[in-house]
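Below is one structure, written out as structure tokens, with a few remarks after it.
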Amino acid sequence: MSDVIRAESLAKKFGPVTALRDVSMHLEEGEVLGLIGDNGAGKSTLIKILTGFHQPDTGQLYLDGEEVTLRSVSDARQRGIETVYQDLALINDLPVYLNMALKRESTWGWLPLLDRRRMRREARQRLSEIAIRLPSIDTEVTFLSGGQRQAIAVARAVFADAKVLFLDEPLAAMG
């Protein structure tokens, strides 16, 4: 099998703090890889580099054998990399169904109008498929528990149809 993603000699500093030094890893198609380390060891920094949130100071990143520079999280998503970050990246003032559709909103054909009915239906179906129960998909995220918020972020990522899915402490707030 070939590597879906490979990192070689990644390094990252934030001012005088060295977050990563000479980190290499690879992930093959279908493989599940766990990254374990102490707080402050650089796990989240590595994930943020692998998902375009941060740029490495040195090192190379390869997707399907081709060297790439991930310029942003959106760039990484377009290349098939999805992430659930520790901070969940949800918008508290939006309802569940809109958070599920963030950056993938359904519109009415070429019109710039949101197809809210379709997004509600898809959110309901996806949450049901992975047995996540919420009071309502119309509930604003701010009114949900930490575990419910975490479940929304995980569900959104799972249904993104990504080649690579990174989870940064995905079950931290779940019961």
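These figures come from a predicted structure and were not determined experimentally.
Neither L20 nor F53 shares a network with the other; the hydrophobic side chains, linked directly or stepwise wherever heavy atoms of I, L, V, M, F, W or Y lie under 4.5 Å apart, form separate groups for each. Residues V84 and L33 do not share a hydrophobic cluster, defined by chaining ILVMFWY side chains whose heavy atoms lie under 4.5 Å apart. There is no path of hydrophobic side-chain contacts, each under 4.5 Å, that joins V154 to F166. Hydrophobic clustering (side-chain heavy atoms under 4.5 Å, transitive across Ile, Leu, Val, Met, Phe, Trp, Tyr) groups I132 together with L98. Grouping the Ile, Leu, Val, Met, Phe, Trp and Tyr side chains by contacts below 4.5 angstrom, directly or via other members, places L167 apart from V4.
The shortest side-chain heavy-atom distance between E82 and T51 does not fall under the 4.5 Å cut-off. Residues L144 and P135 form a side-chain contact, since some pair of their non-hydrogen atoms from C-beta on lies under 4.5 Å apart. Residues W108 and L114 have side chains not in contact (no heavy-atom distance under 4.5 Å, counting atoms from C-beta outward). Using a 4.5 Å cut-off on side-chain heavy atoms (C-beta onward), M100 and I152 make contact. For the pair L50/M25, a side-chain contact is recorded, criterion being any heavy-atom separation below 4.5 Å from C-beta on. Residues F14 and H54 are in side-chain contact: their nearest non-hydrogen atoms beyond the backbone lie under 4.5 Å apart.
Although no hydrogens or angles enter the test, the distance criterion places a donor-acceptor pair under 3.5 Å between the side chain of Q55 and the main chain of L70. Side-chain atoms of D3 never come within 3.5 Å of backbone atoms of R6 as a donor-acceptor pair (strictly under, hydrogens ignored). Side-chain atoms of N99 come within 3.5 Å of backbone atoms of L94 as a donor-acceptor pair (strictly under, hydrogens ignored). In this structure, the side chain of S128 does not engage the main chain of R124 through any donor-acceptor pair within 3.5 Å. When atom types are taken as modelled, the side chain of K43 and the backbone of I36 share no donor-acceptor pair closer than 3.5 angstrom. The backbone N or O of R117 sits nowhere less than 3.5 Å from a side-chain atom of E122 that would complete a donor-acceptor pair. Although no hydrogens or angles enter the test, the distance criterion places no donor-acceptor pair under 3.5 Å between the side chain of E66 and the main chain of L63. A donor-acceptor pair is defined here as one N or O able to donate and one able to accept, closer than 3.5 Å; no such pair exists between the side chain of S9 and the backbone of D22.
Under 4.0 Å is where a charged nitrogen must lie from a carboxylate oxygen, and between D57 and K13 no such pair does. Electrostatic pairing of R120 and D138 counts as a salt bridge here, judged by a charged N lying under 4.0 Å from a carboxylate O.
For D75, the salt bridge (charged side-chain N to carboxylate O under 4.0 Å, His left out) test picks out R79, with sequence neighbours left out.
Between G52 and A76, the closest heavy-atom pair is N-CB, 4.4 Å. Between A162 and G80, the closest heavy-atom pair is CB-O, 3.4 Å. Among all heavy-atom pairs drawn from E31 and E28, the shortest one is OE1-N, 2.8 Å.
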Practice item. Dump the intermediate steps for side-chain contact (heavy atoms from CB on, under 4.5 Å) on L35 and L46, then the final yes or no. Key: CA-CA 10 Å; L35 183 60; L46 176 60; 3.7 Å; yes
Review point. Given the rule in the side-chain contact (heavy atoms from CB on, under 4.5 Å) test, do Y62 and V68 qualify, once you have shown the distances and angles that lead to the verdict?
Key: CA-CA 6 Å; Y62 300 87; V68 296; over 6 Å; no
Practice item. Evaluate the criterion side-chain contact (heavy atoms from CB on, under 4.5 Å) for residue pair I49 and K12; output intermediate values, then yes/no. Key: CA-CA 9 Å; I49 288 172; K12 181 70 178 171; 3.9 Å; yes
**Study point:** Steps toward side-chain hydrogen bond (donor to acceptor under 3.5 Å, both in side chains) verdict (N92, R149)
**Key:** CA-CA 9 Å; N92 286 330; R149 292 177 198 206; 3.3 Å; yes
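Note that the CG atom of L27 and the NZ atom of K163 stand 11.5 Å from one another [nearest 0.5 Å]. One distance of note links CG of L102 with CD1 of I91; it measures 4.5 Å at 0.5 Å rounding. Atom-to-atom distance recorded for L10:CG and T45:OG1 is 11.0 Å, nearest 0.5 angstrom. Here H26 contributes atom NE2 and I5 contributes atom CD1; the two are 12.5 Å apart, rounded to the nearest 0.5 Å. Taking CG from L113 and CZ from R116, the interatomic distance works out to 10.0 Å, rounded to the nearest 0.5 Å. In this structure, CD1 in I137 is found 10.5 Å from CZ in R121, a value given to the nearest 0.5 Å.
More than 12 heavy atoms of other residues, nucleotides or ligands sit less than 6.0 Å from atom CZ of F159.
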